[in-house]
Structures are given as C-alpha cells and as structure tokens.
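Read the numbers this way: they start at 1 and go in the same order the structure lists the ligands and their atoms.
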Amino acid sequence: MSYKEVYGNWKSDPEAFWMEAAKAVSWSKEPTKALFDENAPIYEWFKDGEINTCYNAVDRHVEAGNGEQVAIIYDSPITGNSAKITYAELKDKVALLGGALQAQGITKGDRVIIYMPMVAEALIAMLACSRIGAVHSVVFGGFAAHELATRIDDATPKAIIAASCGIEPSGVIAYKPLIDGAVEMAAHKVDFCVILQREQLAADMVNGRDLDWHECQQGVAPAPCVPIGGADPVYILYTSGTTGQPKGVVRPTGGHIVALHWTMKNLYDVDPGDVFWAASDVGWVVGHSYICYGPLIHGNTTIVFEGKPIGTPDAGTFWRVIEEHKVKTFFTAPTAFRAIKRVDPDGEFVKKYDLSGLRYLFLAGERADPDTIEWAQDQLGVPVIDHWWQTEIGYPAVCNPAGIELMPVKLGSPAVPVPGFDLRILNDEGEELPRGELGAIVIKLPLPPGTLPTLWNAEDRYKSSYLDAFEGYYETGDAGYMDDDGYLYIMARTDDVINVAGHRLSTGQMEEVLASHPDVAECAVLGVKDALKGQLPMGFLCLSAGVQKSNEEVVAECVGLVRKTIGPVAAFKLACVVDRLPKTRSGKILRGTMAKIADAEAWKMPATIDDPVILDEITEALMALGYPQK
Ligand code: COA
Ligand code: AMP
C-alpha cells in the first residue's frame, strides 16, 4: 500500500485503523473499541482494555521463543564497558527489581522518579515500574537538584531510583548529592531511594532511606505483570513550558504500546530482530519511545550508548557502534552530526568502518539544516530522514514513512503527516491558511493513541496551553507551512521554548531564575543561532540601582545561578549587562527583534517601539559578545 492509501485508510475510519493496529500487541483484556470521547476535549483510547507495557516489551518475546535474542546492548565508550542482555535475562531482571519495589510497598498507580545516566539499569528501572503498574517519571541527569525537587513535588513519588554517578567528558558527575539536595528541598517526602552504586564513584547512603540496588533484590519474589487499564498512565515526562513549572506530560498505557509498535515497521522500517539505535538519553522522550519502549515492544535489539558523538574517544564512535552491533536504523539529533562534521569534515572516520548494514538515518529534536542532511547523505550513502514530533505527542507526527513508502526527500522538510495526525496551518484568527503560507501548526482533535490526554494533575493547564487558542485543535507551539505536495516545513516556535543541542529549554524559566538574583532588576533571555547546538540561550541583564559589583561579577554569578538552579544542560553561558531593554510602548520586551539582530537576520524597526536608540545599545552589547557570528 502507498502512503496515500494508508493515510486515506486512517482518515476514512480512524476507529478501524487503530483497532487493527491494536491486534498486533498483547492484551490481558481486549478493548471493545478504540476511542472514548465522552469527556471531550479530553480523549482516551482503549480505555476498557487491560494491558501491561513490560509484558509487551519483554515477557511476550520470551514466551514466543525469542528469549535468547539480545534485547539490550550496553555500549559505553566513556567507561570502556559493554554488555548484552537477552530478553530472557531482561525478564528476570525486571521481575526481580519489580518484586523489590513491591516489597517496599510500591503498588499500581504509585509514582517513582528515575534519575539515571545511560546504563542498562535505567531501562530495567523503567520496565520494572511499568511491570508493577507504578508510574515512572525519568528526570534527565543534566538537570540540577532544584529541577528534580520541582518534579518530586509535582509527581509526589513514593520512591526514587538513581545511580551514584553519571559520567560526562568533563568527569564523573556525582548524582547522589543532587538527589539528597532535591529530597531535602522538596516539600513532598519520598519513602525510599534505590541506589545503583557505580564503580566510578560510590555514593554515601542515608540510613533507613537508601537501599542498595542489588541488596534490595535479594530473596524477593519476582513480580508478575500487573494488568493496567488501557487509558491509565504508564509514565509522566516533564518538559519545558513557558514558566519555571515544567509540564508533566502523561503517557497513557494502551495507546502508547499500540502506537509505538505501529511506528517501528511503518516509519522506521525495522523488523523484529533488527538492531535499532537511538543515540539520545533516557531523560528525553526519544529515550522513552525509541531507546526503551518502541524497540522492545516490537522485538528489536536496542542500544544504550553512554558516550558522545565526539571525544569518546573520537568522531568515529557512532560508526564503530553501527558496524559492531549491526545497526539497521539509526536515530539521533542533527547537533550530533554537526559536532562530527566539525571535527571530521571529510569523513575520514566514516571510511574506517563497514556501514553496509545501515539502511536509514533518522534525525529529530530540532531543525535539520540542509547542509547537515547533505553531508550525512554523502558520508553514509543512506536516506537521511528528518522527522518531527514533540514530548507531548510521543512519536513522529510528520515523517517520511520509510516502512510504508519512501517518499522523495525534500531538504528542509520532515515530509508528510503520519496516519493519525490531521495537521493544519492556521492564522491568528483560527482560519486555515492556503498552502505555502506561514502560520500556527495545529492538529485536529482527537490526537491519536499514545499522545498526551492531559497534563499530570493539571487539566486546566493542559487546556489553556494546548486547546484554548484554536477550538477543536491541539496547538503544537510550532509555526510553519505546508507546500503543494503536503510536505510540512517547521520554521520557528511560537512560544519561548528553545532547542539547544536537541534539548528543549524554556527561556522564560531562565528569566525567572535570573530575576531571582538580588542585583537583577529586569532581564530577557533569547535563543540565538549557534552553528553547533542550533541555538544557545543569551541573557540581557538590567541591574538594580546602587549595585557595587562589576558587570562581569554579576554576569558570572548569573551564569552560575542558572547552572545551579536548572542544571548544566541549560548551557547558559552568554550574558551581558545593558542599561535598558527595548520595549513596545505597552511595555512588551522586543525579544524577537533582539534575536534577529543577534542572528544577523533582516529586521524592521517595530512601529510600536518605545525608544529606538535602545536597539543601538543592544547591538553594541551583542558585538561585545561576538554576535552576530559569521
Ligand atoms: N548528566 C550530567 N550532565 C550532563 C548530562 C547528563 N546526562 N548531559 C549533558 N550534561 C552537561 C554536559 O556535560 C555539559 O556540561 P558543561 O557545561 O560542564 O560542559 C552541559 O550539560 C551541556 O551539555 P550539551 O548541551 O550536551 O553539550 P556538550 O558540549 O556536552 O555536548 C554535543 C555537545 C553536541 C556533543 C551533545 O549535545 C550531543 O551529543 N548531542 C546529541 C543530541 C542529543 O542527544 N539530543 C537529545 C535529544 S534527541
Ligand atoms: P521535544 O519535546 O523536546 O521533543 O521538542 C519538541 C520541539 O522540538 C518541537 O515542538 C519543535 O520545535 C522541535 N523539533 C523537533 N523535531 C523537529 C524537526 N524535525 N524539525 C524542526 N523542529 C523540530
């Protein structure tokens, strides 16, 4: 069937389409129908079915006789360690950890926070939670204690599962002090922590609260898979919004399993048994969907890679992994390729490895610039497929569906809507725009299975953030247009979310942190273009009267404050002090104009500007920071 036919089939009867897709996974109680819309605009899928995520990801493959197949390859160039875990071994491991959690009182519906680096145990922890019906919330290791505390207070977990440390090229990052700090800071108190002691740095344990990963599993009964309601949550994943309060994206169990399973063949073109590698982190949605759940639910082999595209040990590390583990489909962020291209522009490392088994490269998480795509195509000789999605959606919404039909690649476009997604481009009045015109990218409700039904404990915020702007549509927060062939082009965010090295960050959140500095009277943070990371945050600070410190001192303190409060992942290193910020006469800071000046883009003097001279001062400050960059 062609893409057009599959998309048409979905559109003519979504209910039948998803009921058919649901047959490919194992239910303990089959759903009688797909969509439950009685609480619209809150939509639920497969609500009257019962299913278990871990059973679908692990046990059913063992029961089907594939227990000896490798489920997880752990490859850690940063430590020099590697390991392979078969589906049968994985089943034992998740059942034991699940049993240990149950023995400590964790039951269906309880939340568990996971704060781990890229080790196989991170996946084991996620699967153990989903096995016993506990709702996990993984927090990315690059977030600081304060961010962890915010998530503890929102998710109110009974337990935290963590490792003693993470390992970055800059050195060993002690996780335990961050966890202790977060537990201390949070108003909600967890019952216990399970700590995986890594050989690179052992953590001090808190008596009566902290349990050793291995010791707590001694002598416990392995946990069976607990049936979960089709629409009940499997996990919560926090993502950046416009304020310091992250949004808890809820992932429903049944739709998640069905949709991820469907994407593995139809979009990524892998068959069970193939090796699928997403080089991301379990702390991001890519890690949830395509390091852990998607490949395992589909019976693929997944890779947990603890390293970076360059420097661990060199720019050939991706190619080594692809050759050694026979990767068929590879997925990463464009930033990783920009980093490799920068140190190995002629692809000398690529030539050293046999990449003949590789069939596709998929890129997502940020705009894939045509230069990077072309370089990757030339070097790897495989289709390079840009695809678009977001944490809230959970899997690709716009993609070149390689497993259905490889459509012509158009540079700069992630291609066409995935079945399940009816994408439209609207103007501010909510009217549909003709092809080629730029507007807000929205998706007609209901969103398909596996997408967020709501935000954790925040239904009103869900509605005001995503549904209120355009009645009957989900607002993606991205702006773009569609061409005459139905290809989508993503141009910008419509809010203050920025993408730094494929990591989603909120400039509004950074402004809140900067504003908390006692010497800062007013501030603005923008995303400016960066040749490696796509974007970088840049801060403009107006100081309170009478500050005695030098501007450099305040800037250094502010940089330190963002790192301490949000974490190193914010990559907030560029900031300057200015006398005033450019504003409209009604007081709105002209961030867009400032960003255009920084990016050396054409800009027009806003008609509503209060005092145009301020833009000259901003231009000078930017030049002092080395912007616009050549
Ligand atoms: N735990 C602790 N610290 C972390 C971390 C983690 N899991 N991940 C990142 N950090 C730290 C980094 O060490 C760095 O700290 P520094 O300021 O002391 O150098 C900081 O957070 C910023 O990290 P990052 O933005 O990743 O920059 P980098 O210079 O370390 O690496 C790349 C740059 C391009 C190599 C890297 O970003 C990369 O591999 N990106 C691939 C894209 C990707 O995986 N995106 C995920 C979404 S698909
Ligand atoms: P996240 O929730 O972290 O996955 O970030 C989602 C956001 O990243 C989207 O809303 C886009 O702004 C951006 N994004 C993701 N994929 C792409 C892509 N292929 N092209 C352009 N922007 C993208």
Side-chain angles (χ1 to χ4, degrees), residues 78 115-118 122 139-144 163 165-175 178 237-241 247 249 278-291 305-312 315 317-318 331-340 342-343 362-369 373 385-399 412-415 441 452 475-480 488-495 497-505 527 530 532-536 559 562-563 566-573:
I78 208 155
Y115 188 70
M116 297 188 91
M118 284 299 290
V139 180
F140 177 61
F143 282 121
C165 65
I167 300 150
E168 286 292 297
S170 55
V172 174
I173 314 281
Y175 276 12
L178 298 172
L237 178 58
Y238 287 89
T239 191
S240 298
K247 296 168 171 170
V249 169
S280 177
D281 189 285
V282 283
W284 307 116
V285 70
V286 176
H288 283 65
S289 298
Y290 294 113
I291 296 175
F305 173 75
E306 192 182 28
K308 301 271 173 176
I310 53 171
T312 60
T317 198
F318 276 6
F331 175 168
T332 191
T335 305
F337 268 76
R338 289 196 294 268
I340 296 170
R342 187 179 263 203
V343 296
F362 283 79
L363 297 174
E366 55 173 328
R367 196 181 114 76
D369 50 292
I373 295 188
I385 301 181
D386 176 17
H387 61 326
W388 174 89
W389 47 299
Q390 39 183 210
T391 306
E392 291 85 341
I393 294 173
Y395 58 99
V398 179
C399 183
S413 168
I441 301 173
L452 86 170
E475 186 187 14
T476 65
D478 283 337
L488 198 82
Y489 292 77
I490 314 286
M491 303 310 286
R493 285 290 301 192
T494 55
D495 55 15
V497 163
I498 58 171
N499 244 293
V500 179
H503 307 141
R504 175 165 159 184
L505 300 166
D530 182 72
L532 173 66
K533 297 192 178 186
Q535 280 186 300
L536 278 179
V559 166
V562 174
R563 192 178 173 93
I566 301 177
V569 66
F572 183 79
K573 291 177 183 169

Check your understanding: What's the shortest distance from atom 5 (O) of ligand 2 to any protein heavy atom, and which residue and atom give it?
Key -> R504 CD, 3.4 Å
Revision key, fill the gap. Short version for W389: what comes under 4.0 Å of ligand 2, heavy atoms counted, is backbone
Revision key, fill the gap. Per the under 4.0 Å non-hydrogen criterion, ligand 1 touches F140, G141, G142, E168, Y175, A279, S280, W284, V286, K308, P309, A333, T335, A336, A501, G502, H503, K533, R563, P568, V569, K573
Point to revise | Where ligand 2 meets H387 - atom numbers and elements under 4.0 angstrom, heavy-atom basis | key: 16 (N), 18 (C), 19 (N)
Exercise for review: Verify side chain to side chain contact (heavy atoms under 4.5 Å, CB included) between D478 and R493, making sure each step is shown before the conclusion.
Suggested key: CA-CA 4 Å; D478 283 337; R493 285 290 301 192; 2.8 Å; yes
Review point. Among all protein non-hydrogen atoms, which one is nearest to atom 20 (N) of ligand 2, and what is the separation to 0.1 Å?
Key: E366 O, 3.3 Å
Revision key, fill the gap. Nearest non-hydrogen protein atom to atom 9 (C) of ligand 2, with distance, is D478 OD2, 3.2 Å
**Study point:** Contacting atoms of ligand 2, where contact means under 4.0 angstrom from a heavy atom of N499
**Key:** 7 (C), 8 (O), 13 (C)
Check your understanding: Which heavy atom in I373 sits nearest to a heavy atom in A368, and how many Å separate them?
Key -> CD1-CB, 3.8 Å
Review point. Relative to the ring of H503, is the ring of F140 parallel (under 30°), tilted (30 to 60°) or perpendicular (over 60°)?
Key: tilted
Check your understanding: Side chains of D281 and M118: closer than 4.5 Å at any heavy-atom pair?
Key -> yes
Study note, to complete from the structure: Looking only at protein heavy atoms, what sits closest to atom 16 (N) of ligand 2 is G365 N, 3.1 Å
Check your understanding: Is there side-chain contact between W388 and I393, with heavy atoms separated by less than 4.5 Å?
Key -> yes
Practice item. With heavy atoms of T391 as the reference, note each atom of ligand 2 found under 4.0 Å away. Key: 1 (P), 2 (O), 3 (O), 4 (O)
Practice item. Taking all heavy atoms of V139 and all of Y115, pick out the closest pair and write down the distance. Key: O-CD1, 3.4 Å
Review point. Can you tell if the side chain of R504 reaches within under 4.5 Å of the side chain of Q390, non-hydrogen atoms only?
Key: yes
Exercise for review: Any pair with a residue in residues 166-175 that passes side-chain hydrogen bond (donor to acceptor under 3.5 Å, both in side chains), sequence neighbours left out, goes on the list, sorted by first then second residue, please.
Suggested key: E168-K308
Review point. Short list, please: which atoms of ligand 2 are under 4.0 Å from a heavy atom of R367?
Key: 20 (N), 21 (C), 22 (N)
**Study point:** Atom of V285, atom of W389 and distance for their closest heavy-atom approach
**Key:** CG1-CZ3, 3.7 Å
**Study point:** Aromatic plane relationship, F362 with H387 - under 30° parallel, 30 to 60° tilted, over 60° perpendicular
**Key:** perpendicular
Review point. Below 3.5 angstrom, do we get any N/O pair linking P414 and ligand 2?
Key: no
Check your understanding: Should I566 and F572 be marked as a side chain to side chain contact (heavy atoms under 4.5 Å, CB included) after you check the CA-CA gap, both sets of side-chain angles, and the distance that decides it?
Key -> CA-CA 10 Å; I566 301 177; F572 183 79; over 6 Å; no
**Study point:** Heavy-atom side-chain contact between S280 and I291 under 4.5 Å
**Key:** yes
**Study point:** For ligand 2, the portion of D386 having any non-hydrogen atom under 4.0 Å away
**Key:** side chain
Review point. Where's the contact between R493 and ligand 2, heavy-atom distance under 4.0 Å: side chain, backbone, both or neither?
Key: side chain
